[in-house]
Amino acid sequence: MNSPPSHVSSAVQAAPGDPVAVRRWFGRPRPVAEPALRLVCFPHVGAGGAAFNAWAELLPTDVELCAVRFPGRENRLREPLLDEPGEAVEAALSALRPLLDRPFVLLGHCSGSVLAYECARRLHLAGGPAPALVVVSSAEGPAVRRITDPLHLLDRRELMERVVAYGGTAPQVLADPDLMAIAERVLRADYRVVERLEYSPGPPIAAPLAVIGGRQDRFVAQSALAAWAAETTAACSVHLLDAPHYLLREAGPVVAELVAEVLAGLRGPGPMGLTGMTELTAGTTDAPADGPPDGEATR
């Protein structure tokens, strides 16, 4: 068997980080002393870990929500931004290492799905701890992901207008030059990471996948959601919500149900069944009539 790439093995074999580093990297709105499971969440471009705070009260009481907080925002405002894909993924994985002593789920929202899945791939290739489940939302499967119109190269006004159109960013930002300048810096760095990232080559992961998407999403077609089925040798399910591209609020109850099923599978006999899910295959062609615009990718 071929050895995993050096960038994969080094991240997984890194020594456990100190508690201060863990607190810096992960927001835990409801700390759990002895969690049965950790839900590790990667936010969308421009956002921080606080984007997931509302989910904490929806989860089972023995599940700890750990929201990734990248440099340059929230409690890390004075730290330099990460704008290179390899550096960002490596840093996140190294920080994550101490939290993998318990069963865990990796989750990404929109562009955060790119980073969550790449972390899962690197763990898989290095023979590291495997997530009990990987959840992606509002994101295309890697096989159909295309970056033909990179946002990190747009001028400030066009970049901000596009981001506001995706949802999750207040339109009022466009009317405030100071806010635009602050937001632009973070957005441009984040987009540079996810748009330049190339998934580590290799076989599909062995962890099950759950895919969440909105029926009113104008940017990610349902067929692109279904393409995730090719990225795992385990079960893959797609959950369609009555929501647009930005669906954090609507997705919370679905994520809580998924996590509860993972816990049940860990405690009960036999494999996790992931019951009650809408199963789609990679060949599904039920995209919205208009479909996503050319050149759009995970935002």
Side-chain angles (χ1 to χ4, degrees), residues 41-52 54-55 67-68 70 72-73 81 83 85 88 107-117 135-142 144-176 179-197 211-225 227-228 239-252 254-255 287-299:
C41 300
F42 289 77
H44 55 285
V45 157
F52 299 100
W55 288 5
V68 179
F70 281 100
R73 69 211 76 192
L81 291 160
D83 63 0
L107 178 146
H109 177 244
C110 296
S111 48
S113 299
V114 175
L115 300 176
Y117 181 66
V135 184
V136 294
S137 65
S138 299
E140 311 90 337
V144 299
R145 183 173 182 258
R146 303 287 184 270
I147 306 295
T148 59
D149 180 24
L151 269 67
H152 75 274
L153 298 179
L154 299 178
D155 62 47
R156 176 184 295 178
R157 169 61 63 171
E158 189 173 1
L159 170 63
M160 296 306 302
E161 288 176 348
R162 295 280 287 276
V163 169
V164 168
Y166 295 135
T169 300
Q172 290 83 352
V173 174
L174 296 175
D176 189 323
L179 280 179
M180 277 219 299
I182 294 170
E184 178 197 10
R185 178 172 165 270
V186 177
L187 288 165
R188 200 174 296 282
D190 287 0
Y191 273 126
R192 179 179 166 85
V193 167
V194 298
E195 290 177 340
R196 289 170 59 91
L197 185 144
V211 186
I212 302 174
R215 291 189 178 92
Q216 287 83 51
D217 191 336
R218 298 184 295 116
F219 307 106
V220 180
Q222 291 178 27
S223 56
L225 297 174
W228 282 102
H239 307 255
L240 297 177
L241 310 180
D242 289 320
H245 183 69
Y246 183 83
L247 45 65
L248 270 180
R249 184 182 70 249
E250 293 87 351
V254 177
V255 171
D290 52 355
D294 289 343
E296 292 292 355
T298 302
R299 306 303 188 197

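No hydrogens, no waters, no symmetry mates; every other heavy atom, side chains included, goes into these values. No experiment lies behind these values; they were computed from the predicted model shown.
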**side-chain contact (heavy atoms from CB on, under 4.5 Å) assessment of Val186 paired with Ile182** = CA-CA 7 Å; Val186 177; Ile182 294 170; 5.7 Å; no

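- Heavy atoms only, all atoms of each residue included: Met160 and Leu187 are closest at SD-CD1, 3.6 Å.
- In plain terms, the two heavy atoms of Phe219 and Asp217 that are nearest each other are N-OD1, 2.7 Å.
- Minimum heavy-atom separation, Leu225 to Ile212: CD2-O, 4.2 Å.
- The side chain to side chain contact (heavy atoms under 4.5 Å, CB included) test applied to Gln216 returns Asp242, not counting sequence neighbours.
- When each of Glu195, Arg188, Arg196 is tested with His152 by the rule side-chain hydrogen bond (donor to acceptor under 3.5 Å, both in side chains), just one qualifies, namely Glu195.
- A donor-acceptor contact shorter than 3.5 Å is absent between the side chain of Arg215 and the backbone of Ala243.
- The main-chain N or O of Val45 is found under 3.5 Å from a side-chain atom of Ser111 such that the two form a donor-acceptor pair.
- Residues Phe42 and Val136 form no side-chain contact, since every pair of their non-hydrogen atoms from C-beta on lies 4.5 Å or further apart.
- Taking all atoms of both residues into account, the shortest heavy-atom contact from Leu240 to Gln222 is CD1-OE1, 3.4 Å.
- In this structure, the separation between CG on Leu81 and CZ on Arg73 is 6.0 Å, given to the nearest 0.5 Å.
- Aromatic rings of His44 and Tyr246 (six-membered ring for Trp) have centroids within the 6.0 Å cut-off, being under it.
- With sequence neighbours excluded, the residues satisfying ring pair (Phe, Tyr, Trp, His ring centres under 6.0 Å) with Tyr117 are Tyr199, Trp228.
- Listed here is the closest heavy atom pair of Pro43 and Gly48: CB-O, 3.6 Å.
- Ion pair Asp83/Arg185 not flagged as a salt bridge, since none of the NZ, NE, NH1 or NH2 atoms sits closer than 4.0 Å to an Asp/Glu carboxylate oxygen.
- Here the shortest heavy-atom pairing between Val114 and Leu197 reads CG1-CD2, 3.8 Å.
- With a 4.5 Å cut-off on side-chain heavy atoms, Val193 and Leu115 count as touching.
- Contact check for His109 versus Cys41: no side-chain heavy atoms found under the 4.5 Å cut-off.
- Partners of Arg156 according to the salt bridge (Lys or Arg N to Asp or Glu O under 4.0 Å) rule, which considers only residues two or more places apart in sequence or in another chain, are Glu184.
- The backbone N or O of Gly108 lies less than 3.5 Å from a partner atom in the side chain of Ser137, making a donor-acceptor pair.
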**Message:** Under the criterion side-chain contact (heavy atoms from CB on, under 4.5 Å), I'd like the reasoning laid out for Tyr191 against Leu159: C-alpha separation, chi angles, the key distance, then a yes or no.
**Reply:** CA-CA 10 Å; Tyr191 273 126; Leu159 170 63; 4.0 Å; yes

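- Side-chain atoms of Leu107 and Trp55, non-hydrogen and from C-beta on, do get closer than 4.5 Å to each other.
- Side chains of Glu161 and Leu154 form no contact here, defined as non-hydrogen atoms less than 4.5 Å apart.
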